[in-house]
Amino acid sequence: MLPQPVISEQDKVQLKRTLRKELKAEVTVRLFSQKASLLTIPGRHCPNCPQTQRLLEELVGLSPKLHLEVIDFYDQPQVAREQGVARIPAIVLGADGFARVKFYGIPLGYELATIIEGIKTISRGVSPLSMNSRKKLRQVNQPVHIQVFVTPT
Amino acid sequence: VGRLAHAVALENSQITADVVEVQEFPDLAQAYGVRSVPLTVINEYTRFAGPVPEAEFVQKVLAVGVRDTQGATG
């Protein structure tokens, strides 16, 4: 039996159109996950990793400009450390070497829009923020780490 | 707020933003005392609940992220 698609067929049609219209440069989405295994190692259980991967596979399948790179958190701990990934599933957005934007967990419902918005910003190089906000943010000269806690909607 | 945080982080290389789905990471939710969502935490000590307008969010980031090396008021 095939698993149910995570993104509904209706949403896929809509998303495909949006992505075709809005994406310019190619974007690689990185997923830190865990290989499927028959054994459950205590402390290494990631119940949502498979579904998160399926969701992202479906998403990148909607545009030739999107790519997915899946990195095993336990096989490549040094990559996880470099990118500041502390837990899985973690979705990392950004061009090579800059992992400033992360999503921890499975982005369902409204949160998928958060991922898509980030992809659009990176792909187009155009921010959704106002000119005034952008000008002000250029003044930031100290490290700032923002965490936003959400629930799926 | 998640989208806003990501957009803000993409503006300046000093800024990073994590959006965390709390039901999947109850340990984190507990560590940060998350009682309602969305909850935003900036550099561990600035925290606010609920959605805020863009200008206010940016202001909160600036309050933490701008140190005026000239000693003038910022």
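Throughout, a chain's letter reflects where its sequence line sits, starting with A, and its residues are numbered from 1. Below, all heavy atoms of this structure are taken into account, side chains as well, without hydrogens, waters or symmetry copies. Predicted, not measured: the structure shown is a model, and the values here were computed from it.
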Would you say that Val20(B) contacts Val150(A) through its side chain, given a criterion of any heavy-atom pair below 4.5 Å between the two side chains? no
For Val148(A) against Pro38(B), the heavy-atom pair lying closest together: CG1-CB, 4.3 Å
Contact between Ile146(A) and Val8(B) at the side-chain level, heavy atoms closer than 4.5 Å - yes or no? yes
Does Gln14(A), at its CD atom, have more than 12 non-hydrogen atoms belonging to other residues, nucleotides or ligands within less than 6.0 Å? no
Under a 4.5 Å heavy-atom cut-off, does chain B meet the side chain of Ala113(A), its backbone, both or neither? both
Quick one: CD1 on Ile119(A) to NE2 on His6(B), what's the gap to the nearest 0.5 Å? 11.0 Å
If you tally heavy-atom pairs under 4.5 Å against chain A, which of Thr46(B), Val58(B), Ile15(B), Val1(B) wins? Ile15(B)
Can you tell if the side chain of Gln142(A) reaches within under 4.5 Å of the side chain of Val64(B), non-hydrogen atoms only? no
Specify whether Phe25(B) and Tyr104(A) have parallel, tilted or perpendicular ring planes, treating 30° as the upper limit for parallel and 60° as the lower limit for perpendicular. perpendicular
Under 4.5 Å from any heavy atom of chain B - which part of Arg134(A): both
Verdict with reasoning, Glu111(A) to Val19(B), per side chain to side chain contact (heavy atoms under 4.5 Å, CB included): CA-CA 9 Å; Glu111(A) 297 309 330; Val19(B) 177; 4.2 Å; yes
So, the part of Gln14(B) with a heavy atom under 4.5 Å from chain A: the answer is both
Heavy-atom cut-off 4.5 Å, strictly under: side chain, backbone, both or neither for Val22(B) against chain A? both
Is there a path from Met131(A) to Val140(A) through hydrophobic residues (I, L, V, M, F, W, Y) whose side chains come within less than 4.5 Å of each other? no
Drop me the distance from Ser133(A)'s OG to Glu56(B)'s CD, to the nearest 0.5 angstrom. 12.0 Å
Which atoms of Ser36(B) approach chain A - backbone, side chain, both or neither, heavy atom under 4.5 Å: neither
Checking heavy atoms, do the side chain of Ile91(A), its backbone, both or neither come under 4.5 Å from chain B? neither
Check whether the side chains of Gln147(A) and Asp18(B) place a donor and an acceptor atom closer than 3.5 Å, and report yes or no. no
In terms of heavy-atom pairs under 4.5 Å, which option from Asn48(A), Leu129(A), Ile115(A) contacts chain B the most? Leu129(A)
Between Ile42(B), Val41(B), Leu28(B), the one whose heavy-atom pairs under 4.5 Å with chain A are most numerous: Val41(B)
Would you indicate whether the side-chain heavy atoms of Arg35(B) and Phe149(A) approach each other to under 4.5 Å? no
Which disulfide (SG to SG under 2.5 Å) pairs, counting each pair once, include a residue from residues 43-90 of chain A, with sequence neighbours left out? Cys46(A)-Cys49(A)
Check: Gln23(B)/Thr151(A) side-chain N/O donor and acceptor closer than 3.5 Å: no
In sequence, state the C-alpha distance, the side-chain angles, and the governing distance for Leu137(A) and Val61(B), and then conclude on side chain to side chain contact (heavy atoms under 4.5 Å, CB included). CA-CA 8 Å; Leu137(A) 287 167; Val61(B) 171; 4.0 Å; yes
Side-chain contact test, heavy atoms from C-beta onward, threshold under 4.5 Å: evaluate it for Ile106(A) versus Glu24(B) and give yes or no. yes
For Gln78(A), does the CD atom sit with more than 12 other heavy atoms under 6.0 Å from it, leaving out its own atoms? yes
Please determine, by modelled atom types, if Glu11(B) and Ser127(A) share a side-chain donor-acceptor pair under 3.5 angstrom. yes
Pro47(A) portion near chain B, given a 4.5 angstrom heavy-atom threshold: neither
Kindly give the heavy-atom pair with the smallest separation between Asn43(B) and His145(A), and that separation in Å. OD1-N, 2.5 Å
Checking the side chain of Gln139(A) only, and the main-chain atoms of Leu62(B) only, is there a donor and an acceptor separated by less than 3.5 Å? no
Shortest non-hydrogen contact between Gly65(B) and Val144(A), atoms and distance: CA-CG2, 3.4 Å
Closest-packed option against chain B by number of heavy-atom pairs under 4.5 Å, given Arg87(A), Lys136(A), Glu117(A): Arg87(A)
